[in-house]
Amino acid sequence: MHLIDLIARKRDGGRITADEWRTFAVEYSADGYPDYQVSALLMAIFFRGLDGEETYALMDAMLKSGGRLDFSHLGIPVVDKHSTGGVGDKVSIVLAPLVAACGLAVPMMSGRGLGHTGGTLDKLEAIPGFNTRLSMAEAKAQVERLGCALIGQTGEIAPADKKLYALRDATATVEVIPLIAASIMSKKLAEGLNGLVLDVKTGAGAFMPQLDRALTLAQTMVDIGERCGCPTVALMTCMDHPLGVACGNAIEIEESIDVLRGGGPADTREVTLALGAEMLVLAKLAPDAGEARLLLEDALADGRGLEKLRAIVSAQGGDPRVVDDPQAVLPQAKAQALVVAHHPGIVQRVEPRVLGRGIIALGGGRTTMEDEVDPSVGFRVLVRPGTHVTRGTPLAAVLAKDAAGLAIGEACVRSAVVMGEDEVTAPALITHRVDARGVHEL
Ligand code: URA
């Protein structure tokens with residue numbers, strides 16, 4: 001197959017067949033096409049799109065380019081959650097051990113920081129010794145033993161997606177609904193799931209800020225999951241401001257542990273419980289979301305979720321004492337300072353993108369794949385849209401490596417926290433539920 005024919009056809013608005021996608025995925029995984037031609041194809045797709053059949057065929061071809069986990073012998077439901085990404089989104093770190101403690105098997109495959117968003121793998125690696133690079137065989141054995149593994153995409157899982165994703169990142173072709181849907185679903189369906197819950201973010205800090213586009217993304221992924229026999233539900237959650245208080249790597253681990261101890265910010269806890277309830281219902285461990293929440297709250301209250309995290313950290317080479325005394329175990333920023341309000345007013349917005357880019361500027365994220373991440377830096381965001389402040393009210397704490405970092409962090413906070421005089425109602429945290437029957441407003 002000559003890739004130039006596909007490029008020309010897509011450029012002119014034509015379709016690519018399932019057979020062609022299969023050949024493409026096999027050849028591209030084996031380095032059979034030069035990146036400049038694949039880049040041209042991606043840009044043609046950016047402008048021309050893919051229809052439903054093409055999207056499914058691309059997903060299927062990428063899924064079959066690698067291996068698949070199989071837990072059918074376990075006799076317990078295997079369900080995962082995936083988030084489309086945001087700032088302060090540490091839900092996976094709380095949720096995976098919590099639902100595993102309730103009886104689910106969770107082979108959770110996460111990503112690294114991408115653009116302005118943080119990545120679960122970078123956060124987990126803030127725990128000294130924690131190894132996210134398990135092979136498929138190691139992850140499978142851990143899920144069989146503990147009910148949960150927290151891992152990254154290996155070269156064994158959807159390798160065509162792994163290569164294509166890196167190229168999209170470098171060619172400004174990430175924000176294409178069919179490509180995002182095919183990419184996410186090819187990886188998730190490789191986990192051998194009985195159910196999947198998607199956290200699709202909307203709002204200023206989401207990759208798809210507009211609700212209608214985010215809903216289309218959710219529906220596309222739900223359709224793919226259902227077509228593959230994997231019941232899939234999406235919740236649309238707010239990313240107009242950061243989730244919770246902590247934004248950074250080590251401090252998000254600390255906040256996750258707070259939530260597993262029964263505390264933590266209300267919004268982090270609420271999104272975790274809502275997604276967890278969907279997972280337990282899909283797994284048929286609870287008849288409805290209300291009953292499921294009670295199971296989750298029990299596992300928080302009696303510490304089973306926290307103990308499951310301890311077991312996972314220990315199994316993956318991390319220091320398990322992190323769950324008892326996070327600050328003693330996690331790397332701490334050398335320089336810390338509060339940024340306070342200069343004038344009285346009402347917080348209008350807290351811009352997640354500005355804070356996300358701020359974390360990168362402080363050294364807590366990457367601008368190239370080779371960059372080292374400083375896990376200790378970040379922000380504790382102490383105000384929300386609608387918060388009334390007086391002169392001197394702390395807006396955020398900056399965690400940096402030195403005085404220059406504190407200055408960068410303060411400038412970020414002052415630009416991210418937009419003040420005004422109007423009363424503001426904080427946007428709803430969870431607005432829609434999308435399932436096989438359609439979109440339901442909550
Ligand atoms: N996450 C993925 O895994 N793939 C995308 O295309 C976007 C986000």
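Whatever order the structure lists ligands and atoms in, that order sets their numbers, starting from 1.
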Identify, for [atom], the protein heavy atom at the shortest distance, and state residue, atom and that distance.
atom	value
atom 1 (N) of ligand 1	I184 CG1, 3.8 Å
atom 3 (O) of ligand 1	K187 NZ, 2.7 Å
atom 4 (N) of ligand 1	S183 OG, 2.7 Å
atom 8 (C) of ligand 1	Y165 OH, 4.0 Å

Problem - Electrostatic pair E125:R112 at N-O distance under 4.0 angstrom - result: yes
Handout entry: Lys/Arg N to Asp/Glu carboxylate O, K187 vs D161, below 4.0 Å
Key = yes
Practice task
Without swapping roles, check the side chain of N249 against the backbone of G364 for a donor-acceptor pair under 3.5 Å.
Solution key: yes
Exercise for the section: May I ask you to decide if L196's main-chain N or O and D80's side chain share a donor-acceptor pair within less than 3.5 Å? Expected result: no
Practice task
May I ask whether V174 has any heavy atom positioned less than 4.0 angstrom from an atom of ligand 1?
Solution key: no
Handout entry: Distance-only side-chain donor-acceptor flag, D35 / Y28, under 3.5 Å
Key = yes
